[in-house]
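To start, the structure itself, in structure tokens.
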Amino acid sequence: INAEYMGLGIFPAEAKQSDHGLFGIYEGIKMTGDLLLKVFNKHNITKMELTANETVFDPNFHNALFQSQVPGMEAGIVCSVLKEGYMLHDRVLRAAEVGVTSEPEDE
């Protein structure tokens, strides 16, 4: 689902107006994403609830793509969510792709 909605961000604001040349493409992408969300809801597929700077990293639910030192934060906390994760009941369909805080380097 991320690809459809991320694609909407490349359109200029004017593309949302029906007289713009890109309106049809914009609406098509938006409708595809909306339809996919309806199918997800019908089959009880839910988005993982992640809050950057609060959620503790869990390799059962998250794929860590990078580590970052964040002053004042302990290691092992999700600091950035790059792709949302999805669940079917209690099973992971797609793990969330995240950045995780790391231990500060000793100088």
Side-chain angles (χ1 to χ4, degrees):
I1 187 83
N2 293 63
E4 285 80 13
Y5 281 110
M6 286 174 30
L8 293 178
I10 66 168
F11 289 94
E14 303 85 42
K16 297 176 186 177
Q17 299 170 1
S18 61
D19 61 342
H20 194 275
L22 295 174
F23 178 74
I25 297 171
Y26 174 84
E27 277 297 302
I29 293 171
K30 186 174 180 298
M31 289 178 0
T32 301
D34 292 344
L35 183 61
L36 192 53
L37 285 176
K38 285 180 185 178
V39 171
F40 281 10
N41 288 333
K42 179 180 176 183
H43 295 286
N44 297 313
I45 297 172
T46 57
K47 188 167 34 170
M48 288 181 191
E49 296 297 323
L50 295 173
T51 306
N53 300 329
E54 292 181 15
T55 303
V56 176
F57 175 75
D58 182 345
N60 296 309
F61 299 97
H62 312 131
N63 285 332
L65 299 182
F66 65 90
Q67 288 186 320
S68 178
Q69 294 178 6
V70 179
M73 289 192 66
E74 60 184 77
I77 304 295
V78 173
C79 63
S80 178
V81 179
L82 302 170
K83 278 190 180 177
E84 299 288 343
Y86 290 91
M87 306 276 297
L88 175 60
H89 304 291
D90 58 348
R91 294 181 62 194
V92 175
L93 290 179
R94 180 175 85 178
E97 295 184 356
V98 299
V100 181
T101 57
S102 64
E103 294 285 340
E105 288 183 9
D106 294 329
E107 294 181 22

**Message:** Taking ring pair (Phe, Tyr, Trp, His ring centres under 6.0 Å) as the definition, give me every residue that meets it alongside Phe61, ordered by chain and number, with sequence neighbours left out.
**Reply:** none

**Asked** Who else is in the cluster with Phe23 when I, L, V, M, F, W and Y are joined by side-chain contacts under 4.5 Å?
**Response** none

**Message:** With side-chain contact (heavy atoms from CB on, under 4.5 Å) as the criterion, how do Lys16 and Phe11 come out once you've worked through the C-alpha distance, each side chain's angles and the decisive distance to 0.1 Å?
**Reply:** CA-CA 8 Å; Lys16 297 176 186 177; Phe11 289 94; over 6 Å; no

**Message:** Any non-hydrogen side-chain atom of Leu82 less than 4.5 Å from a side-chain atom of Phe66?
**Reply:** yes

**Enclosure of Glu74 CD (heavy-atom neighbours >12, cutoff 6.0 Å)** = no

**Message:** Less than 4.5 Å apart, side chain to side chain, heavy atoms only: is that true for Leu35 and Met31?
**Reply:** no

Please tabulate, one pair per line, all N/O donor-acceptor pairs under 3.5 Å involving side-chain atoms of residues 47-55, not counting sequence neighbours.
residue	atom	partner	partner atom	Å
Thr55	OG1	Thr51	N	2.9
Thr55	OG1	Thr51	O	3.1

**Complete:** Closest non-hydrogen atoms of Leu88 and His43, given as atom of the first, atom of the second and distance, are CD1-O, 3.1 Å

**Request:** For Asn60, enumerate each residue passing the side chain to side chain donor-acceptor pair (under 3.5 Å) test, keeping only those at least two apart in sequence or located in another chain.
**Result:** Asp58

**Asked** Heavy atoms, side chains only, cut-off 4.5 Å: are Phe40 and Thr46 in contact?
**Response** no

**Request:** Answer yes or no: is there a side-chain heavy-atom contact under 4.5 Å between Ile45 and Met87?
**Result:** no

**Item:** Pairwise side-chain contact, Glu103 with Gln69, heavy-atom cut-off 4.5 Å (strictly under)
**Value:** no

**Item:** Evaluation steps, salt bridge (charged side-chain N to carboxylate O under 4.0 Å, His left out), between Lys30 and Asp34
**Value:** CA-CA 6 Å; Lys30 186 174 180 298; Asp34 292 344; 3.5 Å; yes

**Any residue meeting side chain to side chain donor-acceptor pair (under 3.5 Å) with Asn63, in chain and number order, not counting sequence neighbours** = none

**Asked** From Ile25 CD1 over to His20 NE2, what is the distance, rounded to the nearest 0.5 angstrom?
**Response** 10.5 Å

**Request:** Examine Val56 and Val81 and state if one hydrophobic cluster contains both, with Ile, Leu, Val, Met, Phe, Trp and Tyr joined whenever side-chain heavy atoms are less than 4.5 Å apart.
**Result:** no

**Message:** A side-chain contact here means heavy atoms from C-beta on lying under 4.5 Å apart; do Ile77 and Phe57 qualify?
**Reply:** no

**Request:** For Lys83 and Arg94, run side-chain contact (heavy atoms from CB on, under 4.5 Å): C-alpha distance rounded to whole Å, both residues' side-chain angles, the deciding distance at 0.1 Å, then the answer.
**Result:** CA-CA 9 Å; Lys83 278 190 180 177; Arg94 180 175 85 178; 4.0 Å; yes

**By side chain to side chain contact (heavy atoms under 4.5 Å, CB included) - contacts of His89 (at least two apart)** = Asn44

**Complete:** Rounding to 0.5 Å, atoms CE (Met73) and OG (Ser102) come to a distance of 11.0 Å

**Message:** Checking the side chain of Ser68 only, and the main-chain atoms of Thr101 only, is there a donor and an acceptor separated by less than 3.5 Å?
**Reply:** no

